[in-house]
Protein chains: 2
Amino acid sequence: MAELDSRDAAASQSRRGRPPSGAREQILATTYELLREKGIARLKTKEIAARAGVSEGSIFYHFRNREGLLSAAFEQAIAPLIALTGQGVGDQGLRETLTDFTAAVEQFLERAVVVMFAAQSDIDLRASLAQYLRGDVNRRPERGVRLVGEYLAGLQESGAIRTGVDVETAAFMLVSSCLFRVSYPWLIGEPAAVPARDEVVDTLIALLES
Amino acid sequence: MAELDSRDAAASQSRRGRPPSGAREQILATTYELLREKGIARLKTKEIAARAGVSEGSIFYHFRNREGLLSAAFEQAIAPLIALTGQGVGDQGLRETLTDFTAAVEQFLERAVVVMFAAQSDIDLRASLAQYLRGDVNRRPERGVRLVGEYLAGLQESGAIRTGVDVETAAFMLVSSCLFRVSYPWLIGEPAAVPARDEVVDTLIALLES
DNA sequence: GTCTATAGGTTGATAGAC
DNA sequence: GTCTATCAACCTATAGAC
(Lines give C-alpha, C1' and ligand atoms only; values in the text may rest on other atoms or scores of the structure.)
Protein backbone atom coordinates (compact mmCIF):
# COMPACT_ATOMS: atom_id res chain seq x y z
CA MET A 1 0.00 0.00 0.00
CA ALA A 2 1.47 3.34 -1.00
CA GLU A 3 2.32 5.79 1.72
CA LEU A 4 0.01 8.73 2.00
CA ASP A 5 2.12 10.50 4.56
CA SER A 6 3.06 14.06 4.00
CA ARG A 7 4.14 14.32 7.59
CA ASP A 8 7.78 15.07 7.05
CA ALA A 9 7.16 17.58 4.35
CA ALA A 10 4.48 19.37 6.31
CA ALA A 11 6.53 19.38 9.49
CA SER A 12 9.52 21.03 7.87
CA GLN A 13 7.45 23.41 5.79
CA SER A 14 5.55 25.16 8.53
CA ARG A 15 6.63 25.86 12.04
CA ARG A 16 3.41 27.61 12.96
CA GLY A 17 0.39 25.83 14.33
CA ARG A 18 0.28 22.50 16.11
CA PRO A 19 2.95 20.09 15.06
CA PRO A 20 1.20 17.09 13.55
CA SER A 21 1.71 13.96 15.55
CA GLY A 22 0.78 11.83 12.59
CA ALA A 23 -2.23 10.25 14.23
CA ARG A 24 -4.65 11.81 11.80
CA GLU A 25 -2.69 10.71 8.78
CA GLN A 26 -2.19 7.27 10.21
CA ILE A 27 -5.90 6.89 10.78
CA LEU A 28 -6.66 7.94 7.22
CA ALA A 29 -4.10 5.58 5.75
CA THR A 30 -5.38 2.70 7.83
CA THR A 31 -8.95 3.50 6.89
CA TYR A 32 -8.16 3.29 3.22
CA GLU A 33 -6.20 0.12 3.76
CA LEU A 34 -9.03 -1.65 5.55
CA LEU A 35 -11.53 -0.28 3.08
CA ARG A 36 -9.60 -1.95 0.32
CA GLU A 37 -9.09 -5.21 2.17
CA LYS A 38 -12.44 -5.90 3.77
CA GLY A 39 -14.89 -3.46 2.29
CA ILE A 40 -16.76 -0.63 3.89
CA ALA A 41 -19.28 -2.85 5.63
CA ARG A 42 -16.53 -4.44 7.70
CA LEU A 43 -14.82 -1.18 8.45
CA LYS A 44 -15.12 -0.76 12.21
CA THR A 45 -13.69 2.15 14.11
CA LYS A 46 -12.43 -0.31 16.67
CA GLU A 47 -10.25 -2.11 14.17
CA ILE A 48 -9.04 1.07 12.54
CA ALA A 49 -7.90 2.32 15.91
CA ALA A 50 -6.15 -0.92 16.74
CA ARG A 51 -4.25 -1.15 13.49
CA ALA A 52 -3.44 2.53 13.39
CA GLY A 53 -2.10 2.32 16.91
CA VAL A 54 -4.40 4.95 18.36
CA SER A 55 -7.40 4.89 20.63
CA GLU A 56 -10.90 4.72 19.26
CA GLY A 57 -11.71 8.06 20.83
CA SER A 58 -8.94 9.67 18.81
CA ILE A 59 -10.78 8.86 15.62
CA PHE A 60 -13.84 10.75 16.76
CA TYR A 61 -11.76 13.61 17.97
CA HIS A 62 -10.24 14.07 14.52
CA PHE A 63 -13.18 13.25 12.33
CA ARG A 64 -16.26 13.86 14.44
CA ASN A 65 -17.97 10.68 13.28
CA ARG A 66 -17.68 7.73 11.00
CA GLU A 67 -19.02 9.58 8.01
CA GLY A 68 -16.50 12.35 8.50
CA LEU A 69 -13.73 9.81 8.56
CA LEU A 70 -14.96 8.18 5.39
CA SER A 71 -15.35 11.45 3.55
CA ALA A 72 -11.82 12.44 4.47
CA ALA A 73 -10.48 9.10 3.33
CA PHE A 74 -12.42 9.39 0.09
CA GLU A 75 -11.07 12.82 -0.66
CA GLN A 76 -7.54 11.76 -0.01
CA ALA A 77 -7.85 8.95 -2.51
CA ILE A 78 -9.49 11.11 -5.17
CA ALA A 79 -7.31 14.17 -4.73
CA PRO A 80 -4.45 12.93 -6.98
CA LEU A 81 -6.87 13.25 -9.88
CA ILE A 82 -6.14 16.94 -10.05
CA ALA A 83 -2.50 16.24 -10.79
CA LEU A 84 -3.63 14.19 -13.74
CA THR A 85 -6.15 16.57 -15.23
CA GLY A 86 -4.91 19.89 -13.89
CA GLN A 87 -2.15 20.03 -16.44
CA GLY A 88 -2.91 19.06 -20.00
CA VAL A 89 -1.41 16.04 -21.66
CA GLY A 90 2.16 16.44 -22.85
CA ASP A 91 3.27 15.54 -26.33
CA GLN A 92 5.98 13.01 -26.95
CA GLY A 93 4.51 11.66 -30.08
CA LEU A 94 1.07 10.14 -30.44
CA ARG A 95 1.77 6.62 -29.25
CA GLU A 96 3.82 7.52 -26.20
CA THR A 97 1.49 10.31 -25.20
CA LEU A 98 -1.53 8.05 -25.24
CA THR A 99 0.33 5.25 -23.51
CA ASP A 100 1.55 7.48 -20.73
CA PHE A 101 -1.83 9.01 -20.26
CA THR A 102 -3.69 5.73 -20.00
CA ALA A 103 -1.08 4.44 -17.58
CA ALA A 104 -1.65 7.49 -15.41
CA VAL A 105 -5.40 7.07 -15.58
CA GLU A 106 -5.16 3.47 -14.51
CA GLN A 107 -2.76 4.24 -11.72
CA PHE A 108 -5.24 6.74 -10.40
CA LEU A 109 -8.20 4.40 -10.81
CA GLU A 110 -6.32 1.68 -8.99
CA ARG A 111 -6.78 3.68 -5.82
CA ALA A 112 -9.95 5.50 -6.71
CA VAL A 113 -12.24 2.61 -7.52
CA VAL A 114 -11.98 1.48 -3.92
CA VAL A 115 -13.69 4.62 -2.72
CA MET A 116 -15.92 4.97 -5.74
CA PHE A 117 -17.35 1.55 -5.02
CA ALA A 118 -17.50 2.08 -1.28
CA ALA A 119 -19.43 5.29 -1.70
CA GLN A 120 -22.18 3.41 -3.49
CA SER A 121 -22.98 1.54 -0.32
CA ASP A 122 -24.73 4.48 1.28
CA ILE A 123 -26.94 7.09 -0.27
CA ASP A 124 -25.36 9.84 1.80
CA LEU A 125 -21.81 8.89 0.95
CA ARG A 126 -22.85 8.52 -2.65
CA ALA A 127 -24.25 12.03 -2.67
CA SER A 128 -21.26 13.36 -0.81
CA LEU A 129 -18.76 11.92 -3.25
CA ALA A 130 -20.84 13.01 -6.20
CA GLN A 131 -20.89 16.56 -4.92
CA TYR A 132 -17.16 16.51 -4.35
CA LEU A 133 -16.51 15.28 -7.88
CA ARG A 134 -18.86 17.84 -9.34
CA GLY A 135 -17.24 20.63 -7.37
CA ASP A 136 -14.13 20.95 -9.52
CA VAL A 137 -14.02 20.61 -13.29
CA ASN A 138 -10.76 18.73 -12.94
CA ARG A 139 -12.47 16.06 -10.91
CA ARG A 140 -15.15 15.26 -13.42
CA PRO A 141 -14.74 12.03 -15.37
CA GLU A 142 -15.28 13.70 -18.71
CA ARG A 143 -12.36 15.99 -17.97
CA GLY A 144 -9.77 13.39 -18.85
CA VAL A 145 -11.69 12.54 -21.97
CA ARG A 146 -11.73 16.16 -23.06
CA LEU A 147 -8.01 16.56 -22.44
CA VAL A 148 -7.12 13.73 -24.75
CA GLY A 149 -9.80 14.81 -27.19
CA GLU A 150 -8.32 18.28 -27.42
CA TYR A 151 -4.86 16.92 -27.82
CA LEU A 152 -6.04 14.76 -30.68
CA ALA A 153 -7.97 17.65 -32.17
CA GLY A 154 -4.74 19.59 -32.29
CA LEU A 155 -3.03 16.82 -34.19
CA GLN A 156 -6.01 16.68 -36.47
CA GLU A 157 -5.65 20.34 -37.38
CA SER A 158 -1.99 19.90 -38.08
CA GLY A 159 -2.81 17.02 -40.35
CA ALA A 160 -1.16 14.30 -38.28
CA ILE A 161 -4.53 12.66 -37.78
CA ARG A 162 -7.01 12.16 -40.53
CA THR A 163 -10.08 14.35 -40.51
CA GLY A 164 -13.55 12.92 -40.17
CA VAL A 165 -12.74 10.95 -37.05
CA ASP A 166 -14.57 11.91 -33.88
CA VAL A 167 -11.55 12.42 -31.63
CA GLU A 168 -13.60 13.07 -28.52
CA THR A 169 -15.28 9.72 -28.89
CA ALA A 170 -11.93 8.07 -29.50
CA ALA A 171 -10.67 9.60 -26.27
CA PHE A 172 -13.77 8.40 -24.50
CA MET A 173 -13.15 4.84 -25.57
CA LEU A 174 -9.59 5.08 -24.38
CA VAL A 175 -10.54 6.17 -20.90
CA SER A 176 -13.41 3.70 -20.81
CA SER A 177 -11.05 0.84 -21.41
CA CYS A 178 -9.06 1.88 -18.35
CA LEU A 179 -12.13 1.73 -16.16
CA PHE A 180 -13.05 -1.70 -17.44
CA ARG A 181 -9.54 -3.06 -16.99
CA VAL A 182 -9.20 -1.74 -13.45
CA SER A 183 -12.68 -2.78 -12.37
CA TYR A 184 -12.34 -6.29 -13.70
CA PRO A 185 -10.27 -7.84 -10.88
CA TRP A 186 -12.63 -6.45 -8.28
CA LEU A 187 -15.57 -8.11 -9.93
CA ILE A 188 -14.02 -11.40 -10.89
CA GLY A 189 -11.25 -11.83 -8.38
CA GLU A 190 -8.76 -12.60 -11.11
CA PRO A 191 -6.41 -10.56 -13.28
CA ALA A 192 -8.22 -8.86 -16.13
CA ALA A 193 -8.57 -11.07 -19.19
CA VAL A 194 -8.92 -8.20 -21.61
CA PRO A 195 -6.68 -6.48 -24.13
CA ALA A 196 -3.74 -4.65 -22.61
CA ARG A 197 -3.21 -0.92 -22.62
CA ASP A 198 -0.82 -1.06 -25.54
CA GLU A 199 -3.24 -2.97 -27.67
CA VAL A 200 -5.92 -0.39 -27.11
CA VAL A 201 -3.53 2.42 -27.92
CA ASP A 202 -2.33 0.68 -31.06
CA THR A 203 -5.83 -0.03 -32.24
CA LEU A 204 -6.84 3.53 -31.60
CA ILE A 205 -3.85 4.81 -33.53
CA ALA A 206 -4.86 2.62 -36.43
CA LEU A 207 -8.17 4.46 -36.32
CA LEU A 208 -6.65 7.90 -36.12
CA GLU A 209 -3.91 7.57 -38.65
CA SER A 210 -4.28 5.16 -41.56
CA MET B 1 -38.49 -0.39 -11.28
CA ALA B 2 -39.05 -3.36 -13.54
CA GLU B 3 -41.04 -6.26 -12.21
CA LEU B 4 -39.06 -9.35 -11.43
CA ASP B 5 -42.12 -11.46 -10.79
CA SER B 6 -42.39 -14.77 -12.49
CA ARG B 7 -45.14 -15.78 -10.08
CA ASP B 8 -47.91 -16.30 -12.56
CA ALA B 9 -45.80 -18.22 -15.01
CA ALA B 10 -44.40 -20.50 -12.35
CA ALA B 11 -47.79 -21.09 -10.81
CA SER B 12 -49.39 -22.21 -14.03
CA GLN B 13 -46.39 -24.21 -15.19
CA SER B 14 -46.12 -26.63 -12.32
CA ARG B 15 -48.83 -28.06 -10.11
CA ARG B 16 -46.42 -30.10 -8.05
CA GLY B 17 -44.71 -28.80 -4.94
CA ARG B 18 -45.74 -25.91 -2.75
CA PRO B 19 -47.68 -23.23 -4.59
CA PRO B 20 -45.62 -20.06 -4.33
CA SER B 21 -47.33 -17.38 -2.34
CA GLY B 22 -45.15 -14.73 -3.84
CA ALA B 23 -43.54 -13.73 -0.59
CA ARG B 24 -40.12 -14.86 -1.63
CA GLU B 25 -40.25 -13.02 -4.93
CA GLN B 26 -41.66 -9.94 -3.29
CA ILE B 27 -38.84 -9.92 -0.77
CA LEU B 28 -36.26 -10.23 -3.52
CA ALA B 29 -37.79 -7.47 -5.57
CA THR B 30 -37.97 -5.18 -2.59
CA THR B 31 -34.41 -5.96 -1.64
CA TYR B 32 -33.15 -4.92 -5.04
CA GLU B 33 -35.30 -1.85 -4.94
CA LEU B 34 -33.95 -0.66 -1.61
CA LEU B 35 -30.44 -1.62 -2.61
CA ARG B 36 -30.73 0.73 -5.53
CA GLU B 37 -32.34 3.52 -3.60
CA LYS B 38 -30.40 3.67 -0.38
CA GLY B 39 -27.38 1.47 -0.78
CA ILE B 40 -26.49 -1.75 0.91
CA ALA B 41 -25.43 -0.12 4.15
CA ARG B 42 -28.96 1.15 4.71
CA LEU B 43 -30.57 -2.09 3.73
CA LYS B 44 -32.27 -3.34 6.90
CA THR B 45 -34.27 -6.50 7.07
CA LYS B 46 -36.85 -4.58 9.04
CA GLU B 47 -37.49 -2.14 6.24
CA ILE B 48 -37.46 -4.82 3.57
CA ALA B 49 -40.13 -6.69 5.48
CA ALA B 50 -42.23 -3.60 5.93
CA ARG B 51 -42.16 -2.55 2.31
CA ALA B 52 -42.56 -6.07 1.01
CA GLY B 53 -45.57 -6.53 3.25
CA VAL B 54 -44.23 -9.55 5.09
CA SER B 55 -42.90 -10.19 8.54
CA GLU B 56 -39.23 -9.95 9.32
CA GLY B 57 -39.14 -13.58 10.31
CA SER B 58 -40.33 -14.52 6.86
CA ILE B 59 -37.14 -13.17 5.37
CA PHE B 60 -35.03 -15.44 7.53
CA TYR B 61 -37.25 -18.38 6.79
CA HIS B 62 -36.69 -17.99 3.06
CA PHE B 63 -33.09 -16.89 2.98
CA ARG B 64 -31.57 -18.13 6.23
CA ASN B 65 -29.73 -14.89 6.87
CA ARG B 66 -28.95 -11.50 5.48
CA GLU B 67 -26.12 -12.73 3.33
CA GLY B 68 -28.32 -15.39 1.80
CA LEU B 69 -30.85 -12.77 0.93
CA LEU B 70 -28.25 -10.57 -0.67
CA SER B 71 -26.74 -13.39 -2.68
CA ALA B 72 -30.14 -14.34 -4.00
CA ALA B 73 -30.87 -10.76 -4.95
CA PHE B 74 -27.50 -10.48 -6.64
CA GLU B 75 -28.03 -13.58 -8.69
CA GLN B 76 -31.43 -12.44 -9.80
CA ALA B 77 -30.01 -9.20 -11.09
CA ILE B 78 -27.07 -10.84 -12.86
CA ALA B 79 -28.96 -13.79 -14.31
CA PRO B 80 -30.25 -11.93 -17.39
CA LEU B 81 -26.65 -11.77 -18.56
CA ILE B 82 -26.97 -15.29 -19.86
CA ALA B 83 -29.68 -14.24 -22.24
CA LEU B 84 -27.30 -11.68 -23.65
CA THR B 85 -24.21 -13.85 -24.04
CA GLY B 86 -25.75 -17.29 -24.30
CA GLN B 87 -26.75 -16.71 -27.87
CA GLY B 88 -24.26 -15.06 -30.16
CA VAL B 89 -24.85 -11.67 -31.70
CA GLY B 90 -27.16 -11.57 -34.64
CA ASP B 91 -26.31 -9.91 -37.91
CA GLN B 92 -28.44 -7.16 -39.30
CA GLY B 93 -25.60 -5.27 -40.80
CA LEU B 94 -22.61 -3.89 -38.97
CA ARG B 95 -24.04 -0.69 -37.63
CA GLU B 96 -27.33 -2.07 -36.43
CA THR B 97 -25.72 -5.16 -34.95
CA LEU B 98 -23.30 -3.12 -32.88
CA THR B 99 -25.95 -0.65 -31.88
CA ASP B 100 -28.34 -3.33 -30.73
CA PHE B 101 -25.64 -5.14 -28.85
CA THR B 102 -24.40 -2.10 -26.95
CA ALA B 103 -27.96 -1.19 -26.11
CA ALA B 104 -28.47 -4.65 -24.67
CA VAL B 105 -25.23 -4.45 -22.70
CA GLU B 106 -26.23 -1.14 -21.20
CA GLN B 107 -29.69 -2.34 -20.37
CA PHE B 108 -28.15 -5.21 -18.49
CA LEU B 109 -25.59 -3.03 -16.75
CA GLU B 110 -28.31 -0.63 -15.68
CA ARG B 111 -29.47 -3.30 -13.28
CA ALA B 112 -26.21 -5.07 -12.69
CA VAL B 113 -24.02 -2.22 -11.52
CA VAL B 114 -26.23 -1.87 -8.48
CA VAL B 115 -25.24 -5.29 -7.23
CA MET B 116 -21.73 -5.13 -8.60
CA PHE B 117 -21.10 -2.04 -6.53
CA ALA B 118 -22.93 -3.35 -3.50
CA ALA B 119 -20.88 -6.53 -3.48
CA GLN B 120 -17.72 -4.48 -3.10
CA SER B 121 -18.83 -3.36 0.33
CA ASP B 122 -18.04 -6.68 1.94
CA ILE B 123 -15.18 -9.05 1.30
CA ASP B 124 -17.45 -12.07 1.57
CA LEU B 125 -20.06 -10.73 -0.80
CA ARG B 126 -17.29 -9.68 -3.13
CA ALA B 127 -15.87 -13.18 -3.17
CA SER B 128 -19.30 -14.70 -3.49
CA LEU B 129 -20.21 -12.61 -6.53
CA ALA B 130 -16.80 -13.19 -8.08
CA GLN B 131 -17.23 -16.93 -7.74
CA TYR B 132 -20.68 -16.76 -9.24
CA LEU B 133 -19.43 -14.78 -12.21
CA ARG B 134 -16.51 -17.10 -12.72
CA GLY B 135 -18.74 -20.14 -12.56
CA ASP B 136 -20.20 -19.81 -16.04
CA VAL B 137 -18.32 -18.67 -19.11
CA ASN B 138 -21.37 -16.75 -20.15
CA ARG B 139 -21.21 -14.67 -17.02
CA ARG B 140 -17.64 -13.50 -17.48
CA PRO B 141 -17.18 -9.92 -18.60
CA GLU B 142 -14.81 -10.87 -21.42
CA ARG B 143 -17.52 -13.08 -22.86
CA GLY B 144 -19.41 -10.20 -24.39
CA VAL B 145 -16.18 -8.83 -25.75
CA ARG B 146 -15.34 -12.12 -27.39
CA LEU B 147 -18.78 -12.43 -28.94
CA VAL B 148 -18.48 -9.13 -30.72
CA GLY B 149 -14.87 -9.83 -31.51
CA GLU B 150 -15.77 -13.06 -33.22
CA TYR B 151 -18.58 -11.44 -35.11
CA LEU B 152 -16.18 -8.82 -36.36
CA ALA B 153 -13.57 -11.43 -37.18
CA GLY B 154 -16.12 -13.10 -39.40
CA LEU B 155 -16.72 -9.90 -41.29
CA GLN B 156 -13.00 -9.46 -41.52
CA GLU B 157 -12.59 -12.81 -43.22
CA SER B 158 -15.34 -12.04 -45.67
CA GLY B 159 -13.61 -8.79 -46.49
CA ALA B 160 -16.27 -6.47 -45.10
CA ILE B 161 -13.79 -5.20 -42.55
CA ARG B 162 -10.25 -4.29 -43.38
CA THR B 163 -7.52 -6.58 -42.17
CA GLY B 164 -4.88 -5.49 -39.74
CA VAL B 165 -7.37 -4.16 -37.23
CA ASP B 166 -7.47 -5.87 -33.85
CA VAL B 167 -11.16 -6.67 -33.73
CA GLU B 168 -11.05 -8.07 -30.21
CA THR B 169 -9.65 -4.82 -28.92
CA ALA B 170 -12.25 -2.89 -30.86
CA ALA B 171 -14.93 -4.99 -29.21
CA PHE B 172 -13.32 -4.38 -25.85
CA MET B 173 -13.50 -0.64 -26.30
CA LEU B 174 -17.14 -0.91 -27.29
CA VAL B 175 -18.12 -2.77 -24.15
CA SER B 176 -15.90 -0.56 -22.02
CA SER B 177 -17.74 2.50 -23.18
CA CYS B 178 -21.00 0.97 -21.94
CA LEU B 179 -19.58 0.47 -18.47
CA PHE B 180 -18.34 4.02 -18.31
CA ARG B 181 -21.61 5.48 -19.51
CA VAL B 182 -23.71 3.46 -17.10
CA SER B 183 -21.41 4.05 -14.12
CA TYR B 184 -21.21 7.76 -14.66
CA PRO B 185 -24.54 8.82 -13.12
CA TRP B 186 -23.85 6.76 -10.02
CA LEU B 187 -20.60 8.54 -9.45
CA ILE B 188 -21.59 12.05 -10.39
CA GLY B 189 -25.28 12.12 -9.70
CA GLU B 190 -25.98 13.60 -13.11
CA PRO B 191 -26.70 12.22 -16.57
CA ALA B 192 -23.54 11.04 -18.30
CA ALA B 193 -21.74 13.83 -20.15
CA VAL B 194 -20.00 11.51 -22.55
CA PRO B 195 -20.42 10.50 -26.19
CA ALA B 196 -23.62 8.57 -26.90
CA ARG B 197 -23.83 4.96 -27.99
CA ASP B 198 -24.30 5.87 -31.63
CA GLU B 199 -21.22 8.04 -31.68
CA VAL B 200 -19.13 5.22 -30.32
CA VAL B 201 -20.53 2.79 -32.85
CA ASP B 202 -19.98 5.23 -35.70
CA THR B 203 -16.43 5.94 -34.66
CA LEU B 204 -15.69 2.30 -34.36
CA ILE B 205 -17.11 1.62 -37.79
CA ALA B 206 -14.84 4.30 -39.17
CA LEU B 207 -12.00 2.28 -37.72
CA LEU B 208 -13.19 -1.02 -39.06
CA GLU B 209 -14.18 -0.03 -42.53
CA SER B 210 -12.41 2.84 -44.30
C1' DG C 1 -4.50 15.58 21.73
C1' DT C 2 -4.87 11.17 23.46
C1' DC C 3 -6.55 7.78 26.41
C1' DT C 4 -10.08 4.55 29.07
C1' DA C 5 -14.53 3.23 30.19
C1' DT C 6 -19.10 3.11 29.23
C1' DA C 7 -23.66 3.92 27.50
C1' DG C 8 -27.25 4.12 24.03
C1' DG C 9 -29.29 2.61 20.05
C1' DT C 10 -29.59 -0.64 16.27
C1' DT C 11 -30.07 -4.80 14.06
C1' DG C 12 -29.79 -9.52 12.63
C1' DA C 13 -31.54 -13.62 14.14
C1' DT C 14 -34.38 -17.14 17.01
C1' DA C 15 -38.42 -19.39 19.36
C1' DG C 16 -42.75 -20.85 19.34
C1' DA C 17 -47.75 -20.21 18.31
C1' DC C 18 -50.91 -20.51 14.45
C1' DG D 1 -45.18 -20.69 5.60
C1' DT D 2 -46.16 -16.78 8.21
C1' DC D 3 -46.51 -14.13 12.24
C1' DT D 4 -45.29 -11.82 16.93
C1' DA D 5 -42.25 -11.09 20.54
C1' DT D 6 -37.84 -10.99 22.22
C1' DC D 7 -32.92 -11.15 22.67
C1' DA D 8 -28.00 -10.98 22.51
C1' DA D 9 -24.34 -8.83 20.19
C1' DC D 10 -22.30 -5.19 18.28
C1' DC D 11 -20.72 -0.69 17.19
C1' DT D 12 -20.74 4.25 17.19
C1' DA D 13 -20.22 7.99 20.00
C1' DT D 14 -19.56 10.55 24.48
C1' DA D 15 -17.57 11.91 29.05
C1' DG D 16 -13.97 12.96 31.65
C1' DA D 17 -9.20 12.20 33.35
C1' DC D 18 -4.45 13.05 32.00
Side-chain angles (χ1 to χ4, degrees), chain A residues 5 7 10-11 14-31 34-35 37-74 118 121-125 128, chain B residues 5-7 10-11 14-31 34-35 37-74 118-119 121-125 128:
Chain A
D5 284 358
R7 266 182 282 182
S14 117
R15 287 217 159 280
R16 199 158 296 197
R18 54 173 169 65
S21 71
R24 195 190 144 94
E25 284 71 21
Q26 192 56 46
I27 293 170
L28 278 178
T30 304
T31 299
L34 285 171
L35 206 56
E37 282 177 26
K38 310 189 157 188
I40 194 171
R42 298 274 178 101
L43 188 71
K44 314 299 181 186
T45 52
K46 185 178 176 179
E47 189 174 359
I48 298 173
R51 194 187 284 199
V54 301
S55 74
E56 216 176 337
S58 181
I59 293 177
F60 293 92
Y61 170 79
H62 285 292
F63 301 98
R64 181 182 157 84
N65 55 26
R66 193 183 125 107
E67 191 181 331
L69 169 63
L70 288 170
S71 295
F74 286 8
S121 69
D122 182 289
I123 187 175
D124 285 347
L125 285 173
S128 163
Chain B
D5 284 359
S6 53
R7 267 182 282 182
S14 118
R15 287 218 158 279
R16 197 158 297 197
R18 54 173 169 66
S21 70
R24 197 189 142 93
E25 285 70 21
Q26 192 56 45
I27 292 169
L28 278 178
T30 304
T31 298
L34 285 172
L35 207 55
E37 283 178 25
K38 309 188 158 188
I40 194 172
R42 299 275 178 99
L43 189 71
K44 315 296 182 188
T45 51
K46 184 177 176 182
E47 187 175 0
I48 297 173
R51 195 187 285 199
V54 302
S55 75
E56 213 175 339
S58 181
I59 293 177
F60 291 92
Y61 170 80
H62 285 290
F63 300 98
R64 183 181 154 82
N65 54 25
R66 193 183 123 108
E67 191 179 333
L69 168 62
L70 288 170
S71 296
F74 285 8
S121 69
D122 182 288
I123 188 173
D124 286 347
L125 287 172
S128 163

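Order of the sequence lines fixes the chain letters, A, B, ..., with proteins taken first and strands second; residue numbering starts at 1 for each chain.
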- Query: Of the non-hydrogen atoms in B:I40 and B:A118, which two are nearest, and what is the gap between them?
  - Reply: CD1-O, 3.8 Å

- Is A:T45 near enough to D:dT12 that one of its side-chain N or O atoms lies under 4.0 angstrom from OP1 or OP2? yes

- Taking all atoms of both residues into account, what is the closest heavy-atom pair of B:R66 and B:F60, and its distance? N-CE2, 4.2 Å

- Calculate the interatomic distance between A:L70 atom CG and D:dT12 atom P; express it in whole Å. 10 Å

- Pair B:E37 + B:R51: basic N to acidic O under 4.0 Å: yes

- Query: Has A:K46 got a side-chain N or O lying under 4.0 Å from the OP1 or OP2 atom of D:dC11?
  - Reply: no

- Message: Applying a 4.0 Å non-hydrogen cut-off, can you work out what A:L43 is touching in the nucleic acid: base, sugar-phosphate, or nothing?
- Response: sugar-phosphate

- Query: So which nucleotide from D:dC3, D:dT14, C:dT14 ends up closest to the side chain of B:F60?
  - Reply: C:dT14

- Message: Just the rounded figure in Å: distance from P of C:dA5 to CD of A:E56.
- Response: 13 Å

- So with a 6.0 Å cut-off around CZ of A:R64, is the heavy-atom count from everything else above 12? no

- Nearest whole angstrom, please: distance from the C1' of C:dA13 to the CD of B:E67. 14 Å

- Measure from NZ on A:K44 to P on D:dA13 and round the result to the nearest Å. 12 Å

- A:R42 CZ to D:dC11 P, straight-line distance once rounded to whole Å: 10 Å

- Message: If the threshold is 4.0 Å, N to carboxylate O, is there a salt bridge linking A:E47 and A:K38?
- Response: yes

- Query: Between D:dC10 atom C1' and B:R66 atom CZ, what is the distance in whole Å?
  - Reply: 14 Å

- Once you round it to whole Å, what is the distance between C1' of C:dA13 and CG of B:L69? 13 Å

- Considering only heavy side-chain atoms of A:S55, the closest of D:dC3, C:dT4, D:dT12 is C:dT4

- Task: Name the closest nucleotide to the A:A23 side chain, picking from C:dT2, D:dC3, D:dA13.
- Result: C:dT2

- Spacing between A:I59 atom CD1 and D:dC11 atom P, to the nearest angstrom: 13 Å

